[in-house]
Structure formats: structure tokens, C-alpha cells
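Input: a single structure, listed below in C-alpha cells.
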Amino acid sequence: MESGKIVIYQVLPRLFGNRNTSRQPNGPISENGCGKLNDFTPQVLRQLKALGMTHVWYTGVIRHATQTDYGHYNIPRNHPAVVKGLAGSPYAIVDYYDIDPDLAVHVDKRMEEFEQLVERTHKAGLKVVLDFVPNHVAREYHSIVRPRGVQDLGQGDDPTQGFSRQNNFYYCPGEPFTPYFDLYHGAENPYEEVPAKATGNDLFNNAPGRNDWYETVKLNYGVDYYAGQTPSSFHLPSSSDIPSTWKKMTAILLFWAAKDVDAFRCDMAEMVPAEFWAYATAKVRKKFPNVQFIGEVYNPAEYRHYISSGFDYLYDKVGMYDTMRAVMRHQTSASAISHAWQQTDDIRQHMLYFLENHDEQRVASDFFVADGSKGVPGLVASVLMQQNPFMLYFGQEYGERGMDSEGFSGHDGRTTIFDYWSIDTVCRAAWKTLTDSEQQLYDTYKRVFAIAHGEKAITEGLFFDLMYANAHLDRQYVFLRKAGSELLLLAVNFDDRPVSIGVNIPAHAFDYLGVIEKKYTATDLLNGSKQSLQLQKDGCVALQLNSNGACVLKMKRTS
């Protein structure tokens, strides 16, 4: 487990460096433009490091299905009927050994440009996180650059078998692919797939609907869904009977690890059996012992299973994220945060906290709290409460609202992963034309991350939740952090108005943390203000909190 606070910056290169402000819904790359890997210059990466990032998750780097034609580079054209959006979904990978040509300045040197990006990232003191999408691939998956001797996914399959342990896909023998939509989608000829393959969201028939992951096909890890098996009930009958897909997907991980990728963010990891992860992570770490694995797992009952199978960190989505969102939206009491962390207290160092990512709505969107500054209390609590990692979604630090209707992605409060687009706040940050409020929000994020990295009480200290002794608090959350002689009192206010609160500090906190009853000078690390506080067992501390504000009070004994 890595020491210090990990802060991951999730970013879509397709959008990050694009300064084209045409922003035409459903606009092609020629009209709307596209960011490049080379937009992550040494200066940009130094700025991310200065913001407090430790890792950069470059989302959508591996070549995926797209409606943009790169035929003149001998890249097969994808049929538009099975591509979502003009740009296409980064989670419909069409060649696991290739780089998305959209992101290259020189398409024929796209892998070299990626390798140079990895080198620049490392020189800036940052680590590289790459997507690994194990559950499904694009319907037209075909690798054109796989290493010599590597068998392609689907190569060697017997499509007359709906399920075979050595097939890479699941099939609907004798049945053509007949989805809800027009199979032409403007093309001269219809898309054809006979027999149809099972769809990525565990749809084992030939007719996916509008809300299915119809552009993807499910990978077969030996789980016989037709016989009622599931990933959680699956057990490999024999270690000599390793499924073909296990070997091929592990080879893909090894390929990218050999390019100095530091960590893999594993998409929908729980849709793949934990036994595969134990196999794959062991194989990868045998050659690359420091590679980390981050899992998107939504079933709390499976968390410990996947951690024991090799994952370093798991999304804390249905626990901490959902709770923090509800608290920020005044749908539940701030005391619910206590319940959320208690559910995973035994594995807390493995839980990845976040307020945004590409799947979730922007904090500043009208669907969340409509103002980025209202995310500050959630940020402070999420980042400073425990030692576990935190993930930041690009533009969040400026209060990006995500309220565009980009084309395939509609008016949903999310930043598109399907369309060619540019991000308003990210553009204006590069042009140094942020509004005062956006700049203030960025400065706040930077201070919070500086505290996370610079205060021993945060990086290695004990945590003490004060909420059980403060039942009178509804929209405020209070806790202590302590390491050695360093003591922090933290309070966040989810209310839309300033409040004066009394924080009770029980005797048990003094005993557990080794706090001395005394008068302290408290400095707020967020704004530098000072005040005198008397700390005594079962005493009460008076605090003033701004609307949607926070304080991080560092205590120094006066005598």
C-alpha cells in the first residue's frame, strides 16, 4: 500500500486540450476539434502536480470504436450503427494494443506519442493510470497491431456453442444480431453479425434495446450464465483449465505495464470473477511488483473478496459517494457520513472517495447542487477524513457545470464521453480568464490538497468522529485528526447559510487521541485566521462557519 495521500486526476485527453469553442451538437472532429496527448505539456503536468495530484488517469486512450474515418492510415472503419456518438465510447475498445488516433498529432506515431506522455508524466512526479475494460469490447473488435504471436480476442472461438470455457465471447447460435435500431444508421450497407454475440451488460440474446450496452460484446471468463452461474458463484474447476480469455486479457495488462503504466482503473470489475483478478494481478505483479489496481465495484458485499483478489483500491460509490451526495443535497443528515465510513472501516485504506467522475453528474450541475462552491464541505470531508485516496474529475476544481447538450450525450449534468467537445472552464483556465469565483474555488481545492499532503495528522494520523457526541448537528459534520503532537479540529457546514455551532468533545476523544486539556491557539489552515480555544473533557467549542464552508483548525498549545 502506497504511503502518503493519493489524489487521482481523472481526465479525458479528447476534451482536456481542445480549445475549439464551436461546440456544435453532434459536430464532427473537423468542426468541434479534439484534444491531443501532446497537450499534456511539462508545464500542464507541473500545474497538476502543484494542484496536489499524485496520479493522472488518462481516460479513453486505448483505441475504441468511432465514427471518424481513419481508413487512410489503414485503420478499419467502424460501422456507425454500433458506435455511440461520433467520437465513440472509450469503453467500447476495438483494439487493446493500440492508441486512439483522435489523440495523436501524427496518427502513424500514436504509440510513440503515448510513450512520450508517460515519460513526461513521470518527469513531473506523477504516476500514470490507464483504463482496463475487462468485461466487454466493441462489437467490431479486431486488433491490427497486436504483438507477433498474440492471438486476437475471438480468434479460435467456436460460434456454434453458446458457451464454451475456451471461447472469448458468448454466442446466440444461428441467430442474427437484430437490435432495436436501424442497422444501416446512414451507411451504405447494414451492420451484420451472425451469430449474434451477447451484449456487454449481461444480455444473452440477439436483440439489445436502447438502454443496453448494445455497442459492446460480453467477454467470457468461463462463467456459464446459461447454466445459472454468476461471477460471485464461479470457481475454476482446475488450475490446468485456465480459460483462453484469462490468458489474453492478462497479456494485455502485461503489455501496458511494460510501457511503465503505474496503475490500472478496472472498469466494472465485479462483472468479472474475482478468481480471474487473483490470477491476473499475481501474474502482473510477478514482473511489475509496484503496479496498482483500482476496481469499479458497486456491491459492498463483494468488496473484501475483490481486495483479497489483488485490488489496492475500490470505488466507494454506493456508500460514501451516495451518502455525501445526499448530505450535500439536504436529503439526509450529515450524521449519515458516520454510518457510511463505519461500513468499510476495516478496509478503509482501500476505499477510493470521489465527488465526480465520468459516470456521475457534476457537483455544479443543476442535477446536483448547481454551484461548485457548494461542493467545498463535501470536498473537505472526503479528502481529510481518512488516509485513503481521493479522485478529482477534471474541471471540478473550477466548478464545471456539465450542463451542455453535446449530441449523443444530452442535457444530463455530465460531461460527454461520446462526443467531440471542449470544456468551458478548462478552456478559460488555460486562457487565464476564470471568473473570480472560479479562481477562488480552484484556490480552495489547492489548499485542501496541500493540507492533505502537508499535515502529518492527515497523512498518518488517527481519526475521531465527533458526531455521536453532537446529535444536535444536522447539516454540519465534525471530526478530529491527530498525529504525535499535531491536532486538527475539522468542521464542515453543508447549510446554505452561515451558522454558529457548539462542538462537544467527549472525554473519550481526549483519552483515545492523547489530547491534553489546555488552552490552544487554533489556526484555520484554509484561511490563516486565528482564535483561542479551551479544550477540556466533555467541553464545548464554539465555531463560526460560513455557508457551505469549512474550517481546519490546527491546535498549538499556548503554554
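Every heavy atom of this structure was used, including side-chain atoms; hydrogens, water molecules and symmetry mates were not. Every value quoted in this text rests on a predicted model; they were computed, and no experiment measured them. In what follows, residues are counted from 1 in the order of the sequence shown.
- Between Y97 and F255, the ring planes are perpendicular. Angles over 60° get that label, and only those under 30° would be called parallel.
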Test log, rule side-chain hydrogen bond (donor to acceptor under 3.5 Å, both in side chains), inputs D443 and Q439:
CA-CA 6 Å; D443 293 342; Q439 185 63 52; 3.1 Å; yes
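- The two residues N18 and S422 make their nearest non-hydrogen contact at O-CB, 3.3 Å.
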Given F132 and I62, is the side chain to side chain contact (heavy atoms under 4.5 Å, CB included) satisfied, shown in steps?
CA-CA 9 Å; F132 178 62; I62 298 175; over 6 Å; no
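- Closest approach of L355 and M324 over heavy atoms only: CD2-CG, 3.8 Å.
- Residue pairs meeting the side-chain hydrogen bond (donor to acceptor under 3.5 Å, both in side chains) criterion with at least one partner in residues 175-184, sequence neighbours excluded, are T178-N206.
- Nearest heavy-atom pair across I417 and R14 is O-NH1, 2.7 Å.
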Test I337 against F494 for side chain to side chain contact (heavy atoms under 4.5 Å, CB included), laying out the working first.
CA-CA 12 Å; I337 297 170; F494 293 98; 4.0 Å; yes
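- We find the OH-SG distance between Y313 and C266 to be 13.5 Å, quoted to the nearest 0.5 Å.
- Surrounding CD of E192 are at most 12 heavy atoms belonging to other residues, nucleotides or ligands under 6.0 Å away.
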Carefully, step by step, assess Y91 and H358 under the rule side chain to side chain contact (heavy atoms under 4.5 Å, CB included).
CA-CA 11 Å; Y91 296 97; H358 69 275; 3.3 Å; yes
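- A side-chain N or O of Y58 and one of T121 form a donor-acceptor pair less than 3.5 Å apart.
- Between F354 and Y321, the ring planes are parallel. Angles under 30° get that label, and only those over 60° would be called perpendicular.
- The shortest heavy-atom contact between A550 and V380 is CB-CG2, 3.9 Å.
- Using cut-offs of 30° and 60° on the angle between ring planes, the pair F449 and Y445 is tilted.
- Summarising the local packing, NE2 of H330 is surrounded by more than 12 heavy atoms from other residues, nucleotides or ligands at distances under 6.0 Å.
- More than 12 non-hydrogen atoms from other residues, nucleotides or ligands lie less than 6.0 angstrom from CG of D108.
- Using the six-membered ring where Trp is involved, F181 and F177 have ring planes that are perpendicular, over 60° apart on the 30 and 60° scheme.
- Remark: the backbone N or O of S22 is paired with a side-chain donor or acceptor of Q24 at under 3.5 angstrom.
- Scanning both residues, G395 and V426, for their nearest heavy atoms gives CA-CG2, 4.1 Å.
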Under the side chain to side chain contact (heavy atoms under 4.5 Å, CB included) criterion, do R428 and T435 qualify, and how do the steps go?
CA-CA 9 Å; R428 289 190 291 103; T435 65; 4.2 Å; yes
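- Between N135 and Y221, the side chains place no donor N or O within less than 3.5 Å of an acceptor N or O (distance only, hydrogens not considered).
- When every heavy atom of V261 is checked against every heavy atom of V291, the shortest pair comes out as O-CG2, 3.9 Å.
- Taking the six-membered ring where tryptophan is involved, the planes of F114 and W256 are perpendicular, since the angle between them exceeds 60° and thus also 30°.
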